[in-house]
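Just so you know, residue 1 is the first one in the sequence shown, and it goes up from there.
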Amino acid sequence: QVQLVESGGGLVQAGGSLRLSCAASGTIFRVNAMGWYRQAPGKQRELVAAITSGGSTNYADSVKGRFTISRGNAKNTVYLQMNSLESEDTGIYYCNADLFNIDYWGQGTQVTVSS
């Protein structure tokens, strides 16, 4: 079984920054991609940012220029640096790992941006 654990969420003022981290553990041979999704109250979960094993990244248009996804020094870790946070960024952020044949999800970490 693969487990993902997120951390780094919290309450921040608009314009501030947070850094989320995710660590994957378990039986992992190769990860195709890892990413971050978020879900705001009353809305569907959406892709925020993703990074492939080759280092390619993609971002939601709403976060381009403000968020940066990166791989950690430890194996199968990923970070999301969030700058210039806006109230619209509020939601539960979930780490995702794509192991080619199956997706794994963390429990989520709450990000609240106060206006």
Side-chain angles (χ1 to χ4, degrees):
Q1 294 290 326
V2 175
Q3 293 184 331
L4 305 179
V5 179
E6 306 102 330
S7 63
L11 175 64
V12 65
Q13 296 180 8
S17 299
L18 285 173
R19 184 177 177 86
L20 306 182
S21 63
C22 174
S25 62
T27 304
I28 303 173
F29 294 99
R30 186 180 180 187
V31 175
N32 181 52
M34 296 186 70
W36 292 93
Y37 289 70
R38 69 186 179 191
Q39 186 168 21
K43 297 183 179 180
Q44 291 186 304
R45 192 174 300 183
E46 64 174 349
L47 174 67
V48 177
I51 185 167
T52 70
S53 60
S56 298
T57 60
N58 62 83
Y59 298 90
D61 288 341
S62 60
V63 307
K64 287 181 178 178
R66 300 188 298 118
F67 291 9
T68 302
I69 189 170
S70 62
R71 292 178 294 180
N73 293 327
K75 187 177 181 180
N76 297 324
T77 60
V78 66
Y79 300 98
L80 184 68
Q81 179 67 45
M82 305 185 293
N83 298 325
S84 301
L85 283 162
E86 305 168 353
S87 60
E88 292 78 12
D89 296 317
T90 294
I92 302 175
Y93 284 68
Y94 297 90
C95 182
N96 168 264
D98 175 9
L99 273 63
F100 290 94
N101 294 321
I102 192 170
D103 289 331
Y104 292 89
W105 297 88
Q107 293 297 308
T109 184
Q110 177 70 45
V111 172
T112 302
V113 183
S114 63
S115 60

Item checked: Minimum-distance pair of heavy atoms, taken over all atoms of Tyr59 and Ile69 -> OH-N, 2.9 Å
Next item on the list: Of all the heavy-atom pairs spanning Asp103 and Asn96, show the shortest one and how long it is.
Entry: CB-ND2, 3.6 Å
Notebook entry, point to check: Which of these passes side-chain contact (heavy atoms from CB on, under 4.5 Å) with Arg38: Val63, Ile92, Leu80?
Noted result: Val63
Next item on the list: To the nearest 0.5 angstrom, please state how far the CG atom of Leu99 sits from the CG atom of Asn32.
Entry: 8.5 Å
Next item on the list: Might you confirm whether atom CD of Gln107 has over 12 heavy atoms from other residues, nucleotides or ligands at distances under 6.0 Å?
Entry: no
Next item on the list: Count the heavy atoms of every other residue, nucleotide or ligand shown that sit under 6.0 Å from CD of Gln110, and state whether that count exceeds 12.
Entry: yes
Checklist line | Least distance between heavy atoms, Thr90 atom then Val113 atom | finding: OG1-N, 2.9 Å
Check: Honestly curious: do Met82 and Val12 fall in one hydrophobic cluster under the side-chain, below-4.5 Å linking rule?
Finding: yes
Item checked: Approximate separation, where rounding is to 0.5 Å, of Leu85 CG and Ser114 OG -> 10.0 Å
Check: Honestly curious: do Val31 and Leu4 fall in one hydrophobic cluster under the side-chain, below-4.5 Å linking rule?
Finding: yes
Next item on the list: Identify the heavy atoms of Leu20 and Gly9 that sit nearest to each other, and give their distance.
Entry: CD2-N, 3.5 Å
Next item on the list: Answer yes if Ile102 and Val2 sit in the same cluster of Ile, Leu, Val, Met, Phe, Trp and Tyr residues linked by side chain heavy atoms under 4.5 Å apart, and no otherwise.
Entry: yes
Next item on the list: Hey, could you give me the CG/CD1 distance between Asp98 and Ile51, rounded to the nearest 0.5 Å?
Entry: 13.5 Å
Notebook entry, point to check: Leu47, Tyr79: one ILVMFWY side-chain cluster at the under-4.5 Å cut-off?
Noted result: no
Note to self: Over 60° means perpendicular and under 30° means parallel, so tell me whether Phe67 and Tyr93 are parallel, tilted or perpendicular.
What the structure shows: tilted
Check: Under 3.5 Å, side chain of Glu6 to main-chain N/O of Cys22, donor-acceptor pair present?
Finding: no
Note to self: Tell me whether the count of non-hydrogen atoms from other residues, nucleotides or ligands lying under 6.0 Å of CD in Gln13 goes above 12.
What the structure shows: no
Note to self: Restricting to non-hydrogen atoms, name the atom on Ser53 and the atom on Arg71 that form the minimum distance, rounded to 0.1 Å.
What the structure shows: O-NH1, 2.5 Å
Check: Are Arg30 and Phe100 in a cation-pi setup, meaning NZ or CZ lies under 6.0 angstrom from the ring centre and within 45 degrees of the ring axis?
Finding: no
Note to self: Quick check: do Val78 and Trp36 have side-chain heavy atoms less than 4.5 Å from each other?
What the structure shows: yes
Notebook entry, point to check: Between Ser7 and Ser21, which heavy-atom pair has the shortest distance, and what is it?
Noted result: OG-OG, 2.6 Å
